[in-house]
Amino acid sequence: MLIPTGHARRPSVAKRLSQNAGFTLIELLIVIGIILILIGILLPTVTQVRVAAQTASTRQMLARIETGIQTYYTNFLAYPGPFANGQIGTTPTLGTETLAYRLDGTVDTTAVNITSTENLFLGIVGGLKTSTTAPRFLADISTTSFPTGAASLNPANPKKYQTYIDVSPQETTALTTPRYFPTNAKGFGGSADTNIPEIMDKYSQPMPILYLRAMRGNGGVIDSTNNLQYNFSHLAPYGFTSIDAAYAPAAADRPYAYFGNPTITGTPLKKDEFMLISAGPDGKYGTNDDVVNFR
């Protein structure tokens with residue numbers, strides 16, 4: 001009887017080793033499944049971290065705007081911008097001459113309805129010029145000649161003021177095409193603002209940071225006139241169809257919890273001041289994730 005030598009047994013050992021060297025199909029599927037589970041666990045975390053960073057940057061932007069507004073107030077004892085609340089939502093006029101705007105060198109004399117948020121831009125960034133000839137008011141804004149400070153509205157005594165906030169065109173709607181936001185107020189409506197830029201928030205799909213300026217000395221909180229502290233119609237160009245559509249009533253307190261002071265009934269959270277509103281991560285104004293300066 002022949003006894004196999006160690007040399008003779010080597011092929012069978014090698015064969016067994018070669019059979020066990022790779023993953024089986026089941027093992028491979030298990031590894032892929034584990035990887036997919038880990039990705040599913042990590043993706044929400046990564047998204048949350050990104051949104052948290054964008055929210056922090058948006059809060060910083062609101063703080064920058066607020067600092068500019070307060071500096072403006074120190075200089076003029078009024079909150080920006082150049083047009084009165086009664087001219088917001090209308091075509092500002094001086095006699096028979098209306099506001100026009102210039103973009104990339106072309107003057108558009110079509111009547112334009114300015115928004116409170118655009119009014120803020122003209123006040124703390126600049127771009128509005130006056131002339132003794134028509135058009136009397138000219139919003140002269142382009143990406144090649146971005147505003148570097150507000151100007152006085154007296155053509156007989158023109159003055160140039162400092163920029164109250166330094167922003168780049170990329171931080172505004174100056175580069176947005178088109179410059180309107182069709183589904184921004186809980187999905188309602190579409191905006192009807194002009195080509196005058198707004199300062200935007202810092203989310204992946206940035207939205208304008210809205211500005212409401214109080215009618216100082218008035219009572220109440222908000223309605224669609226200038227009779228109370230705030231005028232809800234100043235938000236209308238950004239998709240709000242009505243205050244009831246955008247904000248549900250807070251029990252008997254019709255000023256709505258969103259704007260109203262919870263400790264002083266019938267009083268806004270920023271009485272005689274101003275409100276700044278970012279739509280937040282969901283891109284819809286009036287929801288719980290809004291980033292604001294009043295709560």
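Since this is a predicted model, take the numbers as computed values, not measurements.
- Applying the salt bridge (Lys or Arg N to Asp or Glu O under 4.0 Å) test to residues at least two apart or on different chains, none of the pairs has a partner in residues 159-168.
- The side-chain contact (heavy atoms from CB on, under 4.5 Å) check on Asn218 picks up Met215, Gln229, with sequence neighbours excluded.
- Closest approach of Met200 to Thr172, counting heavy atoms only: CE-O, 3.0 Å.
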Could you please spell out the steps behind the side-chain contact (heavy atoms from CB on, under 4.5 Å) verdict for Ile165 and Val125? CA-CA 6 Å; Ile165 179 174; Val125 180; 3.8 Å; yes
Step-by-step side-chain contact (heavy atoms from CB on, under 4.5 Å) determination, Phe83 to Leu122: CA-CA 9 Å; Phe83 295 111; Leu122 296 176; 4.1 Å; yes
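- Put simply, CD1 on Ile209 and CZ on Arg64 are 9.0 Å apart, with the number rounded to the nearest 0.5 Å.
- Judged as a side-chain hydrogen bond (donor to acceptor under 3.5 Å, both in side chains), and not counting sequence neighbours, the contacts of Thr225 are Asp223, Asn227.
- For Pro147 against Gly127, the heavy-atom pair with the smallest separation is CB-N, 3.5 Å.
- Scored by the side-chain contact (heavy atoms from CB on, under 4.5 Å) test, Ile37 finds Ile41 as partners (sequence neighbours excluded).
- A donor and an acceptor atom, one from each side chain of Asn85 and Asn226, are nowhere located under 3.5 Å apart.
- With sequence neighbours excluded, the residues satisfying side-chain hydrogen bond (donor to acceptor under 3.5 Å, both in side chains) with Ser278 are Asp201.
- Leu36 pairs by the side-chain contact (heavy atoms from CB on, under 4.5 Å) definition with Ile32, not counting sequence neighbours.
- Atom CG of residue Asp272 and atom OH of residue Tyr79 lie 8.0 Å apart, to the nearest 0.5 angstrom.
- Between the side chain of Thr117 and the backbone N or O of Leu210 there is no donor-acceptor pair closer than 3.5 Å.
- Glu66 CD to Leu276 CG: the interatomic distance, rounded to the nearest 0.5 Å, is 6.0 Å.
- Nearest heavy-atom pair across Asn231 and Ser224 is OD1-C, 3.4 Å.
- When hydrophobic clusters are built by joining Ile, Leu, Val, Met, Phe, Trp and Tyr residues whose side-chain heavy atoms come closer than 4.5 Å, directly or via intermediates, Leu62 is grouped together with Ile199.
- Once rounded to the nearest 0.5 Å, the distance linking CZ of Phe294 with CG of Leu269 reads 7.0 Å.
- Phe76 is linked by a ring-ring contact (aromatic ring centres under 6.0 Å, His included) to Tyr72, Tyr161, counting only residues two or more places apart in sequence or in another chain.
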For the pair Thr58 and Tyr203, evaluate side-chain contact (heavy atoms from CB on, under 4.5 Å) and give the outcome as yes or no after the intermediate values. CA-CA 8 Å; Thr58 297; Tyr203 292 100; 3.4 Å; yes
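- The minimum heavy-atom distance linking Ile196 with Thr173 is given by the pair O-OG1, 4.4 Å.
- Considering all non-hydrogen atoms of both residues, Met207 and Gly283 come closest at CE-O, 3.7 Å.
- Within 6.0 Å of atom CD in Gln205, 12 or fewer heavy atoms from other residues, nucleotides or ligands are found, so the atom counts as exposed in its surroundings.
- Asp289 contributes a side-chain N or O that, together with a main-chain N or O of Asp282, makes up a donor-acceptor pair within less than 3.5 Å.
- A distance of 13.5 Å separates CE of Met275 from NE2 of His234, quoted to the nearest 0.5 Å.
- Not a single side-chain hydrogen bond (donor to acceptor under 3.5 Å, both in side chains) links Arg59 to another residue, sequence neighbours left out.
- Note that the CD atom of Glu198 and the CG atom of Asn119 stand 11.5 Å from one another [nearest 0.5 Å].
- Applying the salt bridge (charged side-chain N to carboxylate O under 4.0 Å, His left out) criterion to Lys202, with sequence neighbours excluded, gives Glu171.
- In this structure, Arg213 contributes its side chain and Gly81 its backbone to a donor-acceptor pair below 3.5 Å.
- Ser116 contributes a side-chain N or O that, together with a main-chain N or O of Tyr211, makes up a donor-acceptor pair within less than 3.5 Å.
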With side-chain contact (heavy atoms from CB on, under 4.5 Å) as the criterion, how do Ile69 and Phe274 come out once you've worked through the C-alpha distance, each side chain's angles and the decisive distance to 0.1 Å? CA-CA 9 Å; Ile69 291 173; Phe274 59 92; 3.5 Å; yes
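- Of the possible polar contacts, none joining the Gln70 side chain to the Thr67 backbone as a donor-acceptor pair under 3.5 Å is found.
- A 4.5 Å side-chain heavy-atom check between Ile277 and Val291 finds every atom pair outside the cut-off.
- Across all their heavy atoms, Val167 and Phe146 have their closest contact at O-CE2, 3.6 Å.
- You'll find the side chain of Pro268 stays beyond 4.5 Å of the side chain of Lys270, heavy atoms only.
- With sequence neighbours excluded, the residues forming a side-chain contact (heavy atoms from CB on, under 4.5 Å) with Ser204 are Arg50, Gln54, listed by chain and number.
- Listed for the Asn261 side chain is no donor-acceptor partner under 3.5 Å among the backbone atoms of Thr267.
- With sequence neighbours left out, the side-chain hydrogen bond (donor to acceptor under 3.5 Å, both in side chains) criterion links Tyr164 to Asn75.
- Under the 4.5 Å side-chain heavy-atom criterion for ILVMFWY residues, a single connected hydrophobic cluster contains both Ile26 and Ile34.
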